[in-house]
Amino acid sequence: MICGTVAAAALDLLLILAAATPFCFGANVTYDHRGLVIGGRRRVLISGSIHYMRSTPQSVDVAGFDTKIEGWGIGCGSNFCFLESARTNSRPGRKDLVKFVKLVGEAGLMVHLRIGPYACAEWNYGGFPMWLHFIPGIVMRTDNEPFKAEMKRFTAKIVNMMKEENLYASQGGPIILSQIENEYGNIDSAYGKSAQTYISWAASMAVSLDTGVPWVMCQQSDAPNPIINACNGFYCDQFTPNANNKPKMWTENWSGWFSSFGDPVPRRPAADTAFSTARFYQLGGSFLNYYMYHGGTNFGRTSGGPFITTSYDYDAPIDEYGLLRQPKWGHLKDVHSAVKLCEEALVATDPTTTSLGPKLEATVYKTKSGLCAAFLANVDDQSDVTVNFSGNSYHLPAWSVSILPDCKTVAINTAKINSVATISKFVRQLSPKDTTVEDAFSGWSWINEPVGISSNSAFTKLGLQEQINTTADKSDYLWYSLSTTIKGDEPFLQDGSRTVLHVSSLGHGLYAFHNGQLVGSAKGNYSDPSVSVDIPINLVSGENKIDLLSLTVGLQNYGAFYDTKGAGVTGPVQLKGSHNQATVDLSSKLWTYQIGLRGEELGLFTGSSSEWIMQPTLPKNQPLVWYKTTFEAPTGSSPVAIDFSGMGKGQAWINGQSIGRYWPRRVASNAGCTESCNYRGSFSPSRCMKNCGQPTQQFYHVPRSWLQPGSNTMVLFEEMGGDPTQISFATRETGSICSHISETHPIPLSTWMISDEEMRKQAQPTLSLDCPLDNQVISEILFASFGTPQGACGSFSHGECSSKEALSTVEKACIGLRSCSIIVSADTFGDPCGGIAKSLAVEASCKWLDPHEDAYGGSIRSL
Ligand code: GAL
């Protein structure tokens, strides 16, 4: 039996948790109405999703997640990803599910293995491998024998892989829970009566695999016993499971939201995420998982949608690059610590909730043995109030919860953020424009991708073919080509006649060529992937060659029968003349098809071909060009991105590894963004968006572990036309650090570790600053104001009242240290305006510690 504390390696929460009950592997896992019972002990658990496919093992290392993480059994393209594991891949690790689960266990965490096999997850085709679609007679996700046979084979395969390595908790491993299906209840009505038969079958099939740990289904209110039905959403406090003996579980608390090309980028405020979490534990919840805790990157062609961006940052507590997103990460950590301080009371009893007034609720967990924890909530989205609870008064901002682990003292209020905030930014590195060619890139070479059919494997068919059935998703691209002869006396060619080429396509994008020249293009979007265009063309007497390059941008991943949604030019395709309404319908003609590009067939992405041309006449802003260059990685250890400004749309490979689709020219719509974001009130993804009128995604992640010292190769395939010499590298860095603490903020959570109650009572609100990395120290205080400062990190300003001492006091306390803390009170700064509630706002910058400098890194100088 292996035991440990429930905490993440990177959390200093460990200290607080030292008093909490350790969990033991080698334990049976069961449940009752209050929670999962692990080794005979009820537990309150906090979890964060990380998809192993979206990170490299190196970035998983830096991810400071909480108690557990999930793994999806995600299929990829022609095979299941987990089978293409370290053992078969020259770049080991990213697809190795067993290794991932072991890593998580070694970090002292537990695992909820969400097997699916349907995953949704903004993953290509919802996680199903494409070949499933071609099994004769198959209908996905319903009572269909071929589908059920494959689903069982997959589920049993994963379970056995885990069992063979003793990875279930019942065997001493970290897996305490598994999920079958995913959110089927959201769409099951479309499958009629078969839906219920299917769900009953899925439940018994899962249970028969005998994992020794419970199974869950999410968003499935009719989940059969003993499967636990769990909730997904932005809020799940009002959720109740479908039987009295099942615990209230939240499998997806959406920490942000995904983004799609052409749309602005969603954000979810930390205070609202924290509010939803605290409300859940207030009202009897005992298991919560953040979806996502670290989103990562959709490398290769793995993103779904269609139109999901290559970045799967998700506004998650750990960003795409593995850096902490502050204050979200720190604030949630504080909420988790506060919940953990309540764990003993939470697992010991049922809650009692009473009203303290309109939209005000007090919930108490109190045992006869003297344990007591309370949650006070103000669910009004406008007014702050002061409430009276058990004889004391408490200030509750609108849309907030205070957690009182001893029923008296506030450990945290979800709207009062104690954590430091940081601004992360991309810092531009060398590019060909501002260096000599040898410095960064050693020049570009290129190969033109031919327009139209170039492959021996091209074939002809009468009529227009649906794309996904034709390509089996082996490539984004499908050529539709034909030649039509226009005679000199046809109305199209009469004086003054204008002709348009009309193309209707299910999507997702299209480039149209007439006699080898690009004449038009169109793209759909996430809410409507289809395209329908009228492109003016000048027909000529004789042969007119029409080449349509149709492309997908990730396959559908959500909705009833999503797997049968088609793509490509399904017609009509017509030539329409303005003279006499002349129309020629080309739809049912003999078309020639080519799956994929010549460059794909030749494997140009590896960089090795004798065809690369290197001449000063580098083509720019021309469609269908493969580009190649070599470069040196940016120095240092910060995460690396490529700024694709100047390019149109395409795919990029670094040393043969695909870093995904790039599309910086796709600009987000202009409407709906906000500079500052009000956390008060029910959140939806369109509430707090950014990047309006700018590229949805300009920067693309290159994992450092894919770069090598010396020369690296970059290959691009550019579809629409771009200038590769404008490409530059950037590193992801943390800019300023900030904090804004009022005199009414809760005292720091670390105070709860002080056993002397008297000392604890004297603790006061404290502003703490922490440089993000170990070998950094605070080098400059950019702003400090005690009084009534306003604004947000990066734009603080002094209010009407401000102490003259603030800057020098903070400088004295912090400069030269890795972290510092200052009590927020008139005793520290003098009182600039009596009778008014005051706060302290600070913005500081950190610098790398010079190894020769003698500094106090790590120590805390307190005032
Ligand atoms: C849920 C689904 C997840 C993910 C999420 C949105 O409905 O279960 O897999 O797609 O929505 O990001």
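Indexing begins at 1, ligand by ligand and atom by atom, following the structure's order. Side chains are part of it too, since the values below use all heavy atoms of this structure and drop only hydrogens, waters and symmetry mates.
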Tyr314, any N or O under 3.5 Å of ligand 1 N or O: yes
Interfacing atoms of ligand 1 (cut-off 4.0 Å, heavy-atom, Ala121): 3 (C), 4 (C), 9 (O), 10 (O)
Numbered atoms and elements of ligand 1 in range of Trp257, under 4.0 angstrom, heavy atoms: 6 (C)
Location of contacts on Gln219 toward ligand 1, heavy atoms closer than 4.0 Å: neither
Pair Asn469-Gln467, side-chain donor/acceptor within less than 3.5 Å: no
Min N/O separation Glu183 to ligand 1 under 3.5 Å: yes
Which residues share a disulfide (SG to SG under 2.5 Å) with Cys218, sequence neighbours left out: none
Sole residue of Arg153, Lys157, Met151 in side chain to side chain contact (heavy atoms under 4.5 Å, CB included) with Thr155: Met151
Ligand 1-proximal atoms of Tyr291, by part, heavy-atom distance under 4.0 Å: side chain
Short side-chain donor-acceptor distance under 3.5 Å, Tyr290 and Thr277: yes
Check: Phe128 ring centroid to Phe154 ring centroid under 6.0 Å: no
Check: Arg114 N/O within less than 3.5 Å of ligand 1 N/O: no
Residue portion contacting ligand 1 (non-hydrogen atoms closer than 4.0 Å) for Asn182: side chain
Distance-only N or O hit between ligand 1 and Ala119, under 3.5 Å: yes
Whether over 12 other heavy atoms sit under 6.0 Å from Lys565 NZ: yes
